[in-house]
Amino acid sequence: MKHFINIKDVPYKTLRKILSDTKKRKDLRKKLKTLEIDKDNPLKGILLIQMFEKSSLRTRLSFYLAIRQLGGSALTLRPDELHLSKGGESLSDTAKILSTYGDIFVLRTDNEKKLNSFKKFLSIPLINGLSPNSHPAQILSDIFTIEEITKKNISRLNICWIGDSNNVLNSLIEASIKFSFKLNIGCPKNYNPPSEMQRMISQKSSKIKIFNNPKVAIKNADVVLTDKVISMNDKVNKKKKIKDFLNFKINSKLMSLSNKAILLHCLPRGSEITDEVFYGKKSKVWQQALNRVHVQKSILLYCLNKLR
Ligand code: CP
Ligand code: NVA
């Protein structure tokens, strides 16, 4: 069994294998309805347990559909219904029970340490469904979407992130290192990626550049990604932060400086993008959201040693 916690922990060849499995499976189920099971029924009898300590629409639905389409079932837990957060049951006992009843666990947590503790005590695979520092399933899925739309290997594209230095960007940085693509980051000066990420960049990549001017960052971009200015885990003066990002709002004028880039946004969205761009022709956000199902199916298979 394997965990899927951070992109940086998974070998490049394996990430590629996950993406090629996604393509094969997506092609094969073109005529199937939402809950029809893939012909090979590879996860028949498997139970996915997922727990969300933070809000989620896409991640919970896409993992639900992913396991169902592979022949298994899903159970979604709310932490406030468990003894873990209310009755004081230990995390190790909770993990033991999850491993006894279930076959694979998806966790969205507001605490990085909790991911490590679950990893330590679970005897089933653990998938990170977003943590304060990482959103690996989102970014692997976004790479699939980018290659599906552009029909190019991502290493041949200029990728640009305009926005906050958050969990999604961290995973994008890790992906840039693994997949060797150019990544321009555009963010206000006081919001550069954290020092440990900058250290990783300077040690492992010459293709990642940080700009504090969005017009410079977006130049030549084939793909522009962004995310909310205020993340779920942000404990900041929200008004001030939104104001600090005003010049980084993605509008048509800024997009016109790119190389006719497509626009991706993991959703949910806030004030970082205009409706015109978000609903515009170059926006691929709905295809992006649906691809979460397809890529996560291959991630589940990878974790359960069933990847073809
Ligand atoms: N993009 C994403 O993970 O969305 P949710 O927070 O709705 O799961
Ligand atoms: N950066 C956002 C992503 C939401 C999917 C957050 O953590 O809230």
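Counting begins at 1 with the first residue of the sequence. Counting convention: from 1, in listed order, for ligands and their atoms alike.
By the 3.5 Å distance cut-off applied to N or O atoms, Leu57 is counted among the residues near ligand 1. Between Arg60 and ligand 1, a contact under 3.5 Å exists for no N or O pair. An N or O contact shorter than 3.5 Å links Asn167 to ligand 2 by distance. For ligand 1, the polar-atom distance check against Cys266 finds a nitrogen or oxygen pair separated by under 3.5 Å.
With ligand atoms numbered from 1 in the order given, ligand 2 contributes 3 (C), 4 (C), 5 (C), 7 (O) to contacts under 4.0 Å with heavy atoms of Leu130. Less than 4.0 angstrom separates some heavy atom of Leu267 from each of these atoms of ligand 2: 5 (C). Within ligand 2, counting atoms from 1 as listed, the ones closer than 4.0 Å to a heavy atom of Asn166 are 1 (N).
The shortest heavy-atom distance from Leu267 to ligand 1 is under 4.0 Å. Ligand 1 does not have Lys54 within reach: every non-hydrogen atom of the residue lies 4.0 Å or more from it.
Taking only non-hydrogen atoms, the option from Arg108, Gln138, Met232 nearest to atom 6 (O) of ligand 1 is Arg108. Of all the listed residues (Asp227, Leu57, Asn170), Asp227 holds the heavy atom that lies closest to atom 1 (N) of ligand 2.
Looking at heavy atoms from C-beta onward, Asp222 lies out of side-chain contact with Ile159 at the 4.5 angstrom threshold. A 4.5 Å side-chain heavy-atom check between Pro193 and Ile185 finds at least one atom pair inside the cut-off. Counting heavy atoms from C-beta on, the side chains of Gln138 and Cys266 come closer than 4.5 Å. Between Leu267 and Lys228 the shortest side-chain heavy-atom distance does not fall below 4.5 Å.
With Asn212 contributing its side chain and Cys187 its backbone, the two residues share a donor-acceptor pair below 3.5 Å.
Between Ser298 and Arg25, the side chains place no donor N or O within less than 3.5 Å of an acceptor N or O (distance only, hydrogens not considered).
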Step by step, work out the ring-ring contact (aromatic ring centres under 6.0 Å, His included) result for Trp286 and Phe278. CA-CA 10 Å; Trp286 312 117; Phe278 184 78; 5.7 Å; yes
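Looking from atom 4 (O) of ligand 1 to the surrounding protein, the closest heavy atom is Arg58 NE, 2.9 Å.
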